[in-house]
Number of protein chains: 2
Amino acid sequence: MSKSDEREQRILDAAADLFIHYGYDKTTVDDIARKAGISKGAIYLYFKSKDELFKSLLIREMAAYSETWLALLEADPNGGTLGSMYKNSLYALEGSPFMSAMLRQDGRVLGSYLRKPDNFFRDTRNKAARYEFVKMMQDAGAVRRDMDPKVIAHIMNMLAYGLVGLGEVMDREDFPPTRDIIEGIAEIMDRALTPEDGGSSEAGKAVVRHILEAARRKLEDSTKSESDRE
Amino acid sequence: MSKSDEREQRILDAAADLFIHYGYDKTTVDDIARKAGISKGAIYLYFKSKDELFKSLLIREMAAYSETWLALLEADPNGGTLGSMYKNSLYALEGSPFMSAMLRQDGRVLGSYLRKPDNFFRDTRNKAARYEFVKMMQDAGAVRRDMDPKVIAHIMNMLAYGLVGLGEVMDREDFPPTRDIIEGIAEIMDRALTPEDGGSSEAGKAVVRHILEAARRKLEDSTKSESDRE
DNA sequence: AAATGACCAAAATAATTGATTTGGTCAAAT
DNA sequence: ATTTGACCAAATCAATTATTTTGGTCATTT
């Protein structure tokens, strides 16, 4: 990694901390510069604007999320079932404050960026992602066929949303440990959705690799079109 | 029902409509009176304040929710499984805009009432309700014992929250029909949580009756202590 | 060539003032 | 005994102005 790239990452690290802690609106470019140990002007050597910086951060965080997910999956001995895949995606989600904030469209963290018309989130490309995933898992024989994949995907979305959002409306104190929740969800999903014959774990893994590969390509694309534009 | 009670209900009907449509803050007492076909002063013959009116409405809606749930349950041929109970509670929830707004702490509908320090929601009494329910179902042999009831209850809370809240952050257009979602959830819960031996449907029903009976008593209590206070 | 930070226009925030609305009351009407 | 609606203090909203902050630039320094 070049010296310059390294510093770019340092900027993003500083920004991530501040955005999570104080939110987009209340974090100034100066704050970021100071925390990164450089001058404000230097920020603009790397990013066209605060907006673009933020978008870069989102992309980086999404990529990190994917990588974490993949790593957990590769390390998981039975990483081929729907339950364990979903479980690992939830662990990755839980470990990424930004992805969590994005999913619940947290106004405090995302700030005025949310209101921007060309905002990242209404990008329709990722919308059907979970559905495609379940569908492929089903076609690969890793998920039972007698349930509508759209419904399964939607329930998975509900649970992910519940995971990152319920803390906003209920006392976190009386939550069970996150680990227990995620394991419980995985257990339920596996029990309810694994085909009678146990399903093909290898086929499942293949699907995941395929999906993550596609996700990586997509992220590279957006990073590229990013730099094209500037 | 006395003439007076009937009118009290008419007021609450009018208020419910307006609160759901315009929210607590933007609905005036005059609006309510006009819609109920009486004068503003008359409102204060039945309710001490706008706040109290709102609280009465919440209590009424909670009661209606319980009644709906119970009715659906009684009518459900296999109303003894955890899945069908939960399912019916979700149907009841879905049919009650107020309960939905309460669950997702909807700022638009609940308005400044949310910020009140003595607000209804931080009343701790109802907090552990779902857990108690699952625990009893487990003790009655209607739910398998090898999962922590706290975790099960929490996952149920997540799903309920997802049901009423996901629409705020995702396009409702690409939601499957609510009915399908709820049936899907029930199917998953049943498959994953029914004991090997199929469980006792009758014992399950007994638990539900018991719970609903307790809920009714509790509501009567709060209604009474309500009228005591005024 | 790389990095800085004083500088500026634009935007956000705060303070002020004036006008309107609204929850709640109560003397008068029914 | 009920019910009303004019009435009022308090709160909310709107318009205006003054003040501060902030994103972004660029002449100057390193």
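For the numbers below, each heavy atom of this structure counts, side chains included, while hydrogens, waters and symmetry mates do not. In what follows, chains are A, B, ... by sequence order, proteins preceding strands, each numbered from 1.
Looking only at distances, a side-chain donor or acceptor of Asp31(A) sits under 3.5 Å from a matching main-chain atom of Thr28(A).
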Pairs under 3.5 angstrom, nitrogen or oxygen only, protein versus nucleotides 3-5 of chain C, please.
residue: dA3(C); atom: OP1; partner: Arg7(A); partner atom: NH1; Å: 3.1
residue: dA3(C); atom: OP1; partner: Arg7(A); partner atom: NH2; Å: 3.3
residue: dT4(C); atom: OP2; partner: Ser39(A); partner atom: N; Å: 3.1
residue: dT4(C); atom: OP2; partner: Ser39(A); partner atom: OG; Å: 2.8
residue: dT4(C); atom: O5'; partner: Ser39(A); partner atom: OG; Å: 3.1

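For the pair Leu53(A) CG and dT22(D) C1', the interatomic distance rounds to 15 Å; values are reported in whole Å. In this structure, CG of Asp30(A) is placed 20 Å from P of dA11(C), rounded to the nearest angstrom. When rounded to the nearest whole Å, the span between CD1 of Ile32(B) and C1' of dT22(C) equals 12 Å. With rounding to whole Å, Tyr44(A) atom OH is found 14 Å from dC7(C) atom C1'. In this structure, Asp51(A) places its CG atom 14 Å from C1' of dT22(D), rounding to the nearest Å. One can place CZ of Phe19(B) at 9 Å from P of dG23(C), the figure rounded to the nearest angstrom. Rounded to whole Å, atom P of dT13(C) lies 7 Å from atom CG of Asp25(A). Atom CD of Glu52(B) and atom C1' of dG23(C) are 14 Å apart (whole Å).
Nucleic acid contact class of Thr27(A) (heavy atoms, under 4.0 Å, all strands): sugar-phosphate only.
Each of Lys26(A) and Lys50(B) has a nearest nucleotide on DNA chain C; the 5'-most of these lies closest to Lys26(A).
Sequence neighbours left out, the pairs with a member in residues 164-186 of chain A that pass ring pair (Phe, Tyr, Trp, His ring centres under 6.0 Å) are Phe175(A)-His154(B).
Nearest to the side-chain atoms of Ser49(B) among the listed nucleotides dG24(C), dG23(D), dT22(C) stands dG24(C).
Ionic pairing of Asp51(A) and Lys55(A) is not present here: no N-O contact between side-chain nitrogen and carboxylate oxygen is shorter than 4.0 angstrom.
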Q: Evaluate ring-ring contact (aromatic ring centres under 6.0 Å, His included) for Phe47(A) paired with Phe54(A), printing each intermediate quantity in order.
A: CA-CA 9 Å; Phe47(A) 304 97; Phe54(A) 191 67; over 10 Å; no

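Nearest heavy atoms, Phe133(B) versus Leu82(B): CE2-CD1, 4.1 Å.
Counting heavy atoms from C-beta outward, Gln105(B) and Glu168(A) have side chains that stay 4.5 Å or more apart.
Within 6.0 Å of NZ on Lys50(B) lie more than 12 heavy atoms contributed by other residues, nucleotides or ligands.
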